[in-house]
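Presented below is the structure to which this report refers.
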Amino acid sequence: MTSLKQLLDASRSRLTPVYGGSEASWLLRIIMEHIKGWNQVELLMRADKEVSDFTVTRVNEVIDRLLAYEPIQYIFGDTYWHGMTLKVSPAVLIPRPETEELVDIITKDNPQPDLKVLDVCTGSGCIAVALAKFMNFPEVTAIDISDRAIAVAQENAALQKVKVDFQTADALDLGAALTAKYDIIISNPPYVMDKEKSAMEANVLDHEPAIALFVPDSDPLKFYKAIADYAADALTEGGRLYFELNPLTADSLKDWMQQSGWNDVCLLPDLHAKTRFMIARK
């Protein structure tokens, strides 16, 4: 039989060459939480106790998938983000920490109740669900072109017990699907240029949905321009447009927004000092 300590030590030895020591330890904590329900304290208390062959096999199966660069969030089907456990699948991007910052910016900027909010390219629904949960009684609509993504987003809204109106629609042709007026429009659209692929990690490039990530080098702002053009008509007077964006195209987008008549166009950095967000007012 194998002790828990022996299993963890052997697993860490397999993971560390690929992920590094600290991330390997984090991954093992996630694995044991999901497979056995044990937290860090319980792992220490049970270190010398034997684990079943089934547990050893299950842990090794997960590690095999991690060594093939499959994200652990997809392996177990969930992720912890902005204080919530959210469902994820290969149909949606794994929510990033930077997007938590965007949610915080929006909720701080908009404390008033009963605002009408539209989230474009909702993916897992993380932004829409968080805003429905943390804003002051908003009316939230969220769209995505992928029916599979919408299904994940609907599950997340149900898990968090919030109401969001999810609709399947094309971000490049919103006027054909939506006719309402909104106080806030948000989007974290595809923004990674094709030329950036060579610098990306295999766990993202090989497993996350390309349709939610990439834009052609020849037209990297196509989603922003389409959404901003729609928002110019769909926002209420003084309404705000929020974008998460690619630092490489931030200045170009700001110039285009100002030339298109938007007011108070502001670029903001994320916690890593990269230009990551834009706010504009109608």
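With sequence neighbours excluded, no residue forms a salt bridge (Lys or Arg N to Asp or Glu O under 4.0 Å) with Asp255. Every residue two or more places apart in sequence or in another chain that forms a side-chain contact (heavy atoms from CB on, under 4.5 Å) with Ala180 is listed here: Lys116, Tyr182. Residues forming a side-chain hydrogen bond (donor to acceptor under 3.5 Å, both in side chains) with Asp144 (at least two apart in sequence, or on another chain): none. Partners of Asp165 by side-chain hydrogen bond (donor to acceptor under 3.5 Å, both in side chains), not counting sequence neighbours, listed by chain and number: Gln167. Every residue meeting the side-chain hydrogen bond (donor to acceptor under 3.5 Å, both in side chains) condition with Ser52, not counting sequence neighbours, appears here in chain and number order: Thr55. Residues passing the side-chain contact (heavy atoms from CB on, under 4.5 Å) test with Val204 are Arg96, Met200, Glu208, Leu213, sequence neighbours excluded. Under the side-chain contact (heavy atoms from CB on, under 4.5 Å) criterion, Pro209 pairs with Tyr74, Leu93, Ile211, Ala212, not counting sequence neighbours. Annotation: ring pair (Phe, Tyr, Trp, His ring centres under 6.0 Å) contacts of His34 (sequence neighbours excluded): Phe76.
Counting non-hydrogen atoms of neighbouring residues, nucleotides and ligands closer than 6.0 angstrom, the CG atom of Asp173 exceeds 12 such neighbours. Within 6.0 Å of CZ in Phe214 there are more than 12 heavy atoms belonging to other residues, nucleotides or ligands.
Within the 4.5 Å cutoff, the side chain of Ser3 has no heavy atoms near those of the Asp48 side chain. Phe243 has its side chain within reach of Ser187: a pair of non-hydrogen atoms, C-beta onward, lies under 4.5 Å apart. Annotation: side chain of Val88 is in contact with side chain of Pro95 (closest heavy-atom distance under 4.5 Å). Counting only heavy atoms from C-beta outward, the side chains of Asn188 and Glu98 never approach each other to under 4.5 Å. At least one side-chain heavy atom of Val18 sits under 4.5 Å from a side-chain heavy atom of Tyr69.
Between the side chain of Lys282 and the backbone N or O of Ala232, at least one donor-acceptor pair lies under 3.5 Å. With Glu155 contributing its side chain and Val152 its backbone, the two residues share no donor-acceptor pair below 3.5 Å. Of the possible polar contacts, one joining the Lys181 side chain to the Asp233 backbone as a donor-acceptor pair under 3.5 Å is found. In this structure a side-chain-to-backbone donor-acceptor pair under 3.5 Å is present from Gln160 to Thr85. Listed for the Asn156 side chain is a donor-acceptor partner under 3.5 Å among the backbone atoms of Ser124.
Under the 4.5 Å side-chain contact rule for hydrophobic residues, Met193 and Leu172 share a cluster. In terms of hydrophobic clustering, with Ile, Leu, Val, Met, Phe, Trp and Tyr side chains grouped at heavy-atom distances under 4.5 Å, Tyr19 and Leu8 are assigned to a common cluster. Cluster annotation: Leu4 and Val56 are assigned to the same hydrophobic cluster (Ile/Leu/Val/Met/Phe/Trp/Tyr, side-chain heavy-atom contacts under 4.5 Å, transitive). The hydrophobic clustering, which links ILVMFWY residues whose side-chain heavy atoms are closer than 4.5 Å, places Leu241 and Leu267 together. Hydrophobic clustering keeps Val120 apart from Val140 (ILVMFWY residues linked when any side-chain heavy atoms are closer than 4.5 Å, directly or through intermediates).
Heavy atoms only, all atoms of each residue included: Ala228 and Met257 are closest at CB-SD, 3.8 Å. Lys87 approaches Leu159 most closely through the heavy-atom pair CG-CD1, 3.5 Å. Between Ile227 and Pro189, the closest heavy-atom pair is CD1-CB, 4.3 Å. The two residues Pro97 and Trp81 come nearest to each other via the heavy atoms N-NE1, 4.4 Å. Scanning all heavy atoms of the two residues, the minimum distance from Phe166 to Ala128 falls at CE2-CB, 4.4 Å. Residues Ala91 and Ala149 come closest through the heavy atom pair O-CB, 4.1 Å.
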Check: residues 21-33 side-chain donor-acceptor pairs under 3.5 Å, at least two apart:
residue, atom, partner, partner atom, Å
Ser25, OG, Arg12, NE, 3.3
Ser25, OG, Gly21, O, 3.2

Using a 3.5 Å cut-off and no angle test, enumerate the donor-acceptor pairs between side-chain atoms of residues 104-114 and protein atoms at least two apart in sequence or in another chain.
residue, atom, partner, partner atom, Å
Asp104, OD1, His82, NE2, 2.8
Thr107, OG1, Val103, O, 3.0
Thr107, OG1, Asp104, O, 3.1
Asp109, OD2, Tyr242, OH, 3.0
Asn110, OD1, Arg240, NH1, 3.3
Asn110, ND2, Ile106, O, 2.8
Asn110, ND2, Tyr242, OH, 3.0

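To the nearest 0.5 angstrom, Asn136 atom CG is 12.5 Å from Leu131 atom CG. Atom SG of residue Cys266 and atom CE of residue Met278 lie 9.0 Å apart, to the nearest 0.5 angstrom. One finds the CE atom of Met84 at 13.0 Å from the CG atom of Asp78 (value rounded to the nearest 0.5 Å). For the atom pair OG (Ser146) and CG (Asp170), the distance works out to 12.0 Å, reported to the nearest 0.5 Å. Summarising the geometry, atom CD belonging to Glu237 is positioned 10.0 Å from atom CZ belonging to Arg281; distances are rounded to the nearest 0.5 Å. Considering OH of Tyr80 and CG of Leu86, their distance stands at 10.0 Å, rounded to 0.5 Å.
Defined by atom type and a distance below 3.5 Å, a donor-acceptor pair is present between the side-chain atoms of Asp147 and Thr168.
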Open item on the list: If you apply the rule side-chain contact (heavy atoms from CB on, under 4.5 Å), what do you find for Ile184 with Met135, and how did you get there?
Closed with: CA-CA 12 Å; Ile184 300 168; Met135 286 182 70; 3.8 Å; yes
TODO: Verify side-chain contact (heavy atoms from CB on, under 4.5 Å) between Leu15 and Leu67, making sure each step is shown before the conclusion.
DONE: CA-CA 7 Å; Leu15 288 169; Leu67 293 176; 4.3 Å; yes
TODO: Show your reasoning for whether side-chain contact (heavy atoms from CB on, under 4.5 Å) applies to Leu178 and Ile143.
DONE: CA-CA 10 Å; Leu178 304 172; Ile143 71 102; 4.0 Å; yes
TODO: Take Leu66 and Ile72 through the side-chain contact (heavy atoms from CB on, under 4.5 Å) test and state the conclusion after the steps.
DONE: CA-CA 7 Å; Leu66 288 168; Ile72 195 166; 3.8 Å; yes
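Legend: side chain to side chain donor-acceptor pair (under 3.5 Å) pairs involving residues 192-207, not counting sequence neighbours, sorted by first then second residue: Glu196-Asn246. Note on residues 210-226: no pairs pass side chain to side chain donor-acceptor pair (under 3.5 Å), not counting sequence neighbours.
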